[in-house]
Amino acid sequence: MKITAARVIVTCPGRNFVTLKIETDQGVYGIGDATLNGREKAVATCLEEHVAPLLIGRDPQRIEDIWQFLYRGSYWRRGPVQLSAVSAVDTALWDIKGKLAGMPLYQLLGGRSRERVLCYGHANGETLDDTVAAVGKYIDLGYRAIRAQSGIPGIEKAYGIARGEMHYEPADAALPTETVWDTSKYLRFVPTLFERLREEFGDEPELLHDVHHRLTPNEAAQLGKALEPHRLFWMEDPTPAENQDAFRLIRERTTTPIAVGEIFNTIWDAKTLIENQWIDYIRTTVLRAGGITHLRRIADFASLYQVRTGSHGATDLSPVTMGAAVHFDTWVPNFGIQEYMRHSEETDAVFPHDYRFEDGFLHCGEAPGHGVDIDEQLAAKYPYKPAQLPVARLEDGTMWNW
Ligand code: CS2
Ligand code: MG
């Protein structure tokens, strides 16, 4: 069996997506997601110019060997562009293997560990009251776990706040929008938000919050401590994680659970965090961390240290990633939670899929492979539209972490 083509499809049904379609001499094809928000063309070019030619003529059944060939064989290991490309190939190859076997992906991995996959949705609002109302809306929709982000008094554009109804898309302009950040205002405000949410909704709903890399380790520890009475499911990305040792300072000062890893590309980005048990949840995804093949390695390593999975699932990960993720989550023994930001109707139409949301949980389908396809004719109607992520500066103009 041979790979005959590896084609890249770029489409923008409301937001940009890069999709890889691997075709074979037996008519079976597989789909992989290669979207890197704000850097879509870099991955598309990497795939088209450098990776696709390496795939032609290879046996698509040799997933592990192709992974090793692309990772070890590229010499330039790691990095979001290279690993998003590798992930797309890997996801498409697992899709092909599932179709050949006539089995859904979770069966290939070892079968079901659970009946359904707990997921969390995104509630956000310009003000504290708006955010409380948004959390109420998610509870009405059946969600049992909800991430809450709010506008902060005195900060004009806070991370995570949607302009429209229910769909937050940070990549909002061809050139990065400049936002202003103020740590003191943020630290004063956030505990009042969660205090209010517990008052309104009681102990039952799981509440999450994304700090989005804005704090120093000591500030993160202060926030974690202040949030302890409100029993968060997790505090995400409290500080940038290039220096994994920074998390010791947070861990030793607060019991608020910590989740990290949506931008990690390999196990090496998380190794110190996991083996020291400085985090509770690892957020690596099928799309960013080497596909099913490598994500499985990370999850197995994490299981030795009682670290559970909590994969990234923002809208910039296409339904292809979401489909593969729900299969992975259905199997992975040390599953924690799955982020689930619903896609727009246009996106869902371009990517027909058989996973579904019901009663606060996601269910994967039984179709062979990961169960997500691409309607190429429809995709062609939505041309690429440049959009980059914002940047943040302190009030005096200093560049900060967005
Ligand atoms: C985020 C994302 O979902 C999350 O937790 O951190 O919204 C992130 O900002 C985007 O995926 C960036 O592309
Ligand atoms: Mg995040």
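Worth knowing before you read on, the calculation uses all heavy atoms, side chains too, and leaves out hydrogens, waters and symmetry mates. Keep in mind that what you see is a predicted model, and the values were worked out from it rather than measured. Indexing begins at 1, ligand by ligand and atom by atom, following the structure's order.
Judged purely by atom type and a 3.5 angstrom limit, W278 has no side-chain atom pairing as donor or acceptor with the backbone of D245.
Proximity annotation for atom 4 (C) of ligand 1: of H122, M341, E262, E262 comes nearest, heavy atoms only.
Within ligand 1, counting atoms from 1 as listed, the ones closer than 4.0 Å to a heavy atom of D210 are 1 (C), 4 (C), 5 (O), 6 (O). If you number the atoms of ligand 1 from 1 as listed, the ones under 4.0 Å from a heavy atom of D316 come out as 10 (C), 11 (O), 12 (C), 13 (O). Every atom of ligand 1 is numbered from 1 in the order shown, and the set under 4.0 Å from a heavy atom of H212 is 1 (C), 6 (O), 8 (C), 9 (O). Near N37, with a cut-off below 4.0 Å to any heavy atom, the atoms of ligand 1 are 12 (C), 13 (O). Atoms of ligand 1 found under 4.0 Å from any heavy atom of H312, numbered from 1 in the order shown, are 1 (C), 2 (C), 3 (O), 4 (C), 11 (O).
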Under 3.5 Å, side-chain donor or acceptor atoms of residues 296-304 against the rest of the protein: list the pairs with distances, not counting sequence neighbours.
residue	atom	partner	partner atom	Å
R297	NH1	E64	OE2	3.2
R297	NH2	E64	OE1	3.2
S303	OG	D300	O	2.7

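With a 4.0 Å cut-off on non-hydrogen atoms, R147 touches ligand 1 through its side chain and not its backbone. Of the heavy atoms in W402, only side-chain atoms (C-beta onward) come closer than 4.0 Å to ligand 1.
Closer than 2.8 Å to the Mg ion (ligand 2) sit the protein N, O or S atoms D210 OD2, E236 OE2, E262 OE1.
The shortest heavy-atom contact between M235 and T256 is CB-CG2, 3.8 Å. When every heavy atom of P104 is checked against every heavy atom of G365, the shortest pair comes out as CB-O, 4.1 Å. Closest of all the heavy-atom pairs between R114 and D329 is NH1-O, 2.6 Å.
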